[in-house]
Amino acid sequence: MTAAAPEPKTNMGQPVPRYDAVVKVTGRATYASDMPLVDPAYAFLVTSAIAKGRIDSFDLDDARRVRGVIDVVTHENAPKLKDSKLFSNGGYAGTTIQPLKTAEIAHDGQIIAVVVAETYEAAREAANRVKVSYTASAPTATFDSPGTTVAAATGQNAQFKEDPKVGDFAKAFDEAEVKLTASYETPTQHHNPMELFSTSCAWMGDELVIYEPSQFVYGLKYGVAEQLGIDADKVRVVNPYVGGGFGSRGSMTPRTAIIAGIAKRLNRPVKLVPTRDQGFTIATYRAETRHEIKLGARRDGKLVALRHEGAEVSSRPDAYCVGGTKTTTRLYACPNVDSLVSIVRADRNTPGFMRSPPEVPYLFALESAMDELAVKLNMDPVELRRINDTTNEPISGKPYTSRSLMACFDEAAKAFGWAQRSPQPKSMSDGDWLIGYGCAATCYPTQMGPAAARVRLQRDGRTRVEIAGHEIGTGAYTVIAQTAAERLGVPLEKVAVFIGDSDLPPAPVAGGSNSTASTCSVVTMVCDQIRQRLFKAVMPSQSLTDKAKETVGIGQTPATQAAKGDRPLDLEKAFDALGVGVVEEYGEWKPEGAPLDSFRAMHSGQVRLVGGHAMKDQIAYAFGAEFVEVRVNRFTHEIRCPRLVGAFAAGRIMNPRTARSQLMGGLIWGMSSALLEATEIDERNARYVNDNLADYLVPVNADVADVEVILLSEQDDHINPVGVKGVGELANVGTNAAICNAIHHATGQRIRKLPVRLENIEV
Amino acid sequence: MRPFSYQRATDPDTAVQALSAAAAANNPLTQARAQPLAGGTTLIDLMKLDVMRPAALVDINPLARDWSAIEPKGDGVRLGALAKMSDVAAHDEIQRNYPVIANSLKLAASAQLRNMATLGGNVMQRTRCSYFRDVSYENCNKRNPGSGCAAMDGVNRMHAVLGVSDQCIATYPGDFAQALIALDAIVEITGKSGARSLPFAQLHKTPGNTPEIETTLQPGELISAFSISGRWPRSVYLKARDRQSYEFALSSAAVALDVQDGMIRDARVALGGVATVPWRAREAEALLKGQKFDDGLAQRVADAAFADAKGRRQNSFKIALGKRVVARALQQAVTMEI
Ligand SMILES: Cc1cc2nc3c(=O)[nH]c(=O)nc-3n(C[C@H](O)[C@H](O)[C@H](O)COP(=O)(O)OP(=O)(O)OC[C@H]3O[C@@H](n4cnc5c(N)ncnc54)[C@H](O)[C@@H]3O)c2cc1C
Ligand code: SF4
């Protein structure tokens with residue numbers, strides 16, 4: 001075992017290498033824009049240079065003169081498309097702002113024209129030559145800009161149903177022995193996945209194939225069909241590999257139906273590869289947020305009152321919000337809780353999911369405030385968490401299905417060397433560098449959704465698993481293959497996995513960290529259907545078949561007491577008895593508590609995730625604890641974070657290698673978010689300014705010296721058949737607060753606004 | 001990108017001719033029809049962004065045969081303009097006797113860029129001002145003379161506090177140039193009427209009323225080498241930046257000292273990341289000469305270096321930061337073991 005492939009502990013699978021490792025490192029993995037097309041035309045977008053106003057006219061003469069230009073499509077001649085509702089209102093779209101429909105402009109960088117040409121170069125050159133006359137009006141950029149409207153999130157956003165509260169916060173806070181009130185801010189961020197927001201559309205007669213990086217092929221299929229006004233059976237979305245998603249490819253963007261419409265008109269495949277800067281405005285982003293936290297505690301650290309008020313920016317037409325109070329009001333034991341989330345509308349593109357959408361900004365606020373409270377109480381911040389740890393969430397008293405928060409704190413503290421910390425701020429240094437240690441809790445809801453799969457087993461053990469899941473770099477291929485191999489008792493090398501194609505049985509959006517739980521649950525179920533058929537063939541008696549359910553694997557010795565009498569199944573014999581060469585099963589699985597319309601929704605590209613705080617009698621979360629070492633230069637005030645240690649417990653770990661990689665990436669992402677990442681907005685004109693990877697900073701290798709991921713054993717039989725909680729969005733939640741807490745320890749200065757930059761330090 | 005012609009220049013004469021033939025009389029160099037192509041890491045970037053629109057590229061890489069040597073010259077050194085940043089940074093003699101040069105190169109850009117980029121191209125690199133690099137903004141006096149300056153009251157955290165004008169506050173982003181200006185380098189230039197040379201300090205021009213004119217180089221002229229006299233083993237390059245590598249300076253200082261028996265005989269201080277051009281802090285240097293070093297002196301020197309600085313909304317922090325960087329660089333230079 002190596003650091004990259006940790007030894008599995010109890011309730012962990014084997015750290016087998018990635019299914020897609022070789023094709024990826026040898027460059028043979030075909031991403032959407034690598035898909036071969038017959039005689040494609042190339043599209044290039046023209047986007048608006050103003051955030052609000054209207055287009056008076058285009059001068060397209062210069063553009064049309066460029067050799068190879070086929071057409072310039074504007075709102076005056078664009079294919080007519082139907083509107084799509086926002087995903088949270090039962091639609092498919094990440095925005096209801098539909099470009100190329102009218103002359104109106106609703107945000108910076110809105111698509112205003114599409115140039116189509118024989119080559120990418122000609123399309124790009126012509127796009128540079130499109131001249132636009134606008135009538136601009138003064139746009140509203142963000143918080144505090146003139147012209148915002150503010151309203152409570154409840155009532156506007158169907159997915160944000162209520163502001164959690166319990167007890168009498170006002171009275172309890174008033175009477176609390178120790179009080180803290182603090183305000184926090186997080187910036188606008190963009191996902192910036194490596195793969196650009198490409199799309200290719202090819203028609204064969206009335207059938208459309210879309211190659212596009214997507215975290216939800218079924219949603220895209222149904223959404224595009226709706227916009228084009230055609231039967232969804234005529235639309236297929238294919239993307240075997242996604243070059244990073246982070247939420248940006250979860251809901252449909254307007255570009256796809258536009259390109260599909262143009263391809264139809266030209267009767268020719270059309271390929272679009274937008275630029276990096278266009279990605280900042282034609283897709284979604286994490287909106288900036290503001291928070292006020294009030295904590296009241298007893299002298300011994302017990303919380304008696306907690307209030308979290310959050311405000312989030314969204315676009316004019318769409319009430320998107322993440323509403324992380326659903327998590328922050330339930331994390332610690334506290335009898336009196338109050339909360340409020342509001343949405344601030346501005347002239348911006350509609351924000352959307354970005355890795356741990358609710359938890360990142362809201363836990364930054366809460367976990368910073370907990371550290372501030374610990375300082376006020378003169379208490380170790382780990383102990384403050386321990387004092388307020390709970391087995392039941394405080395809002396409605398439901399028990400956590402499992403919760404290893406303090407075990408994570410203890411393991412991570414030990415590995416980090418927390419005991420060596422001298423608690424006094426500014427008390428540790430090394431030459432030019434002040435040293436600070438900080439920590440924070442991290443958590444993410446356990447979610448799953450209805451899914452279907454088809455599995456085929458051949459006589460020689462070769463197995464084919466089909467499910468429209470998504471490989472966004474997480475290890476989806478690998479854990480699905482492992483699940484099937486283990487369940488059917490066939491060697492891993494014999495399992496072929498097909499995902500990322502809407503012609504396969506439906507799976508949920510690859511979002512909310514539900515993928516492993518959902519896809520592996522259904523694959524387990526369908527493999528069991530195959531086992532049953534095989535067992536039935538050799539053991540016709542009903543009672544024996546029942547026993548077969550209990551066995552583990554076909555070629556393996558039965559695991560449970562009930563099945564002890566069984567001998568391992570002989571595959572050859574079973575196939576002989578059945579008289580076939582191949583067994584194939586299809587099945588549909590839905591989690592407990594899933595709504596009645598789950599399967600219907602699943603077959604029409606709608607998401608029905610359950611879990612987290614929304615379960616009936618329980619609440620399910622994965623937990624972790626993160627410790628960081630921060631160094632602040634006395635002279636330059638440069639801030640570096642050379643050491644990150646995280647311990648995590650997330651139910652069954654299917655593969656410690658891919659899980660570690662997710663969590664490590666999450667820790668680094670969290671550090672990036674605390675110290676580097678922010679989209680700068682020019683408030684005068686509501687435009688993003690640093691819309692490229694030279695100016696939108698993410699860490700480079702030199703910034704990431706030492707990252708340690710500790711996986712804790714945890715077993716949870718209450719969540720889903722595979723007992724998986726999901727790790728994709730767990731690790732980047734706590735890091736923001738941990739780093740600010742460490743900066744406070746290093747410098748004595750409390751910083752409540754992200755990202756922290758050297759000019760914010762006053763040593 | 002727009003179509004352009006491409007020509008490989010096999011000798012300096014062909015290069016100069018190709019560039020001069022295309023040069024229109026009143027165009028500033030940055031808008032000349034023909035541009036020399038070295039590593040291309042600035043030029044091709046700006047062409048893709050549609051900021052630079054040359055009709056012709058003259059590839060001068062074949063001249064590297066004669067123009068890339070790192071060689072002794074008198075008591076100093078001569079660096080060919082087509083030498084790669086990485087080769088110069090790794091050169092023994094440079095590391096030993098000109099640490100300020102080696103480190104200004106080593107701390108710049110990324111390994112890949114340093115392998116491609118040349119010294120000549122490096123000193124000629126253009127500002128990273130976001131509004132300059134995004135043609136969808138009308139207002140940029142540098143790109144679009146007379147149109148105004150979007151950065152003045154916009155996103156200007158990275159912008160300059162020294163050498164600014166009401167027309168432009170764009171930072172000169174390079175690192176190596178601070179070492180050259182500190183060491184009184186001479187630039188060797190080849191043009192239509194033969195060779196000329198000038199002090200490096202006279203190569204760049206502050207924006208004033210013509211931010212589109214960035215250097216005194218004329219269309220058709222090429223930099224062939226930089227030469228430095230004397231040796232400067234007691235020299236440092238200190239760079240403060242948002243991340244540990246691959247990032248431009250928020251503030252940097254190139255410092256070279258000649259100290260004997262505790263007395264500073266000669267001192268050179270140049271500032272990066274804070275000025276519109278490579279910046280020599282001569283008033284600050286004057287305070288050092290003939291003095292014994294202490295922290296109080298370092299503070300006075302730093303204050304003098306930024307006496308004329310003018311901050312805007314987001315970049316005022318650079319004044320205090322710049323002073324601390326200068327003071328720290330001086331301390332490092334004084335205490336370095338040579
Ligand atoms: C992401 C990124 C980060 C960077 N970070 C840094 C950094 O931290 N510090 C830093 O200093 N630099 C940095 N750079 C800039 C980089 O160092 C320059 O792009 C590079 O040095 C330019 O050299 P080149 O040979 O590629 O020039 P080219 O792109 O070929 O040329 C640049 C310009 O100079 C002209 N030119 C080239 N050679 C000559 C010559 N001999 N005579 C006259 N004119 C000439 C060209 O016509 C062109 O206009 C960074 C660049 C990028 C893209
Ligand atoms: S600072 Fe200079 S380069 Fe930047 S927008 Fe203003 S004029 Fe243009």
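Letters A, B, ... are given to chains in the order of the sequence lines, protein chains preceding strands, and every chain is numbered from 1.
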Chi angles and distances behind the side-chain contact (heavy atoms from CB on, under 4.5 Å) call for A:Val689, B:Tyr131: CA-CA 8 Å; A:Val689 175; B:Tyr131 300 101; 3.8 Å; yes
Interface moiety of B:Lys48 toward chain A, non-hydrogen atoms closer than 4.5 Å: both
Salt bridge present between B:Arg157 and A:Glu680 (N-O < 4.0 angstrom): no
Region of B:Lys323 in contact with chain A, defined by heavy-atom distances below 4.5 Å: neither
Side-chain donor-acceptor pair present, A:Asp682, B:Tyr137, cut-off under 3.5 Å: no
Residues, nucleotides or ligands: over 12 heavy atoms within 6.0 Å of B:Met152 CE: yes
Part of A:Ile50 lying under 4.5 Å from any heavy atom of chain B: neither
Chain B contact via A:Asp432 - side chain, backbone, both or neither, heavy atoms under 4.5 Å: side chain
Residue A:Asp706 excluded, over 12 heavy atoms near CG under 6.0 Å: yes
Contact summary for A:Ala49 and B:Ser136, nearest pair of heavy atoms: CB-O, 3.6 Å
When B:Met1, B:Gln244, B:Glu138 are compared by non-hydrogen pairs under 4.5 Å with chain A, the top option: B:Gln244
Closest-packed option against chain B by number of heavy-atom pairs under 4.5 Å, given A:Leu758, A:Asp691, A:Leu697, A:Val66: A:Leu697
A:Thr636 side, atom OG1; B:Arg241 side, atom CZ - distance, nearest 0.5 Å: 11.0 Å
Max heavy-atom pair count under 4.5 Å with chain A, selected residue of B:Gly322, B:Ala320, B:Ala240: B:Ala240
Contact class of A:Ala694 relative to chain B, heavy atoms under 4.5 angstrom: both
Closest approach of A:Leu676 to B:Arg243 (non-hydrogen atoms, all atoms of both residues): CD2-CB, 4.1 Å
Engaged part of A:Tyr120 at the chain B interface, taking heavy atoms whose separation is under 4.5 Å: neither
Which portion of B:Asp242 sits near chain A, non-hydrogen atoms under 4.5 angstrom: both
Nearest-0.5 Å distance, CG of residue B:Leu250 to NE2 of residue A:His637: 13.0 Å
Neighbourhood of chain B inside residues 123-136 of chain A, taking heavy atoms under 4.5 Å as contact: A:Arg124, A:Glu125, A:Asn128, A:Arg129
Salt-bridge contact B:Arg133-A:Asp695 (side-chain N to carboxylate O under 4.0 Å): no
Region of B:Ala150 that comes under 4.5 Å of a non-hydrogen atom in chain A: both
Closest approach of B:Val155 to A:Ile681 (non-hydrogen atoms, all atoms of both residues): CG2-O, 3.8 Å
Contacting moiety of A:Asp277, where chain B heavy atoms sit under 4.5 Å: neither
Test side-chain contact (heavy atoms from CB on, under 4.5 Å) applied to B:Phe317 and A:Arg757, step by step: CA-CA 11 Å; B:Phe317 74 92; A:Arg757 296 200 162 133; over 6 Å; no
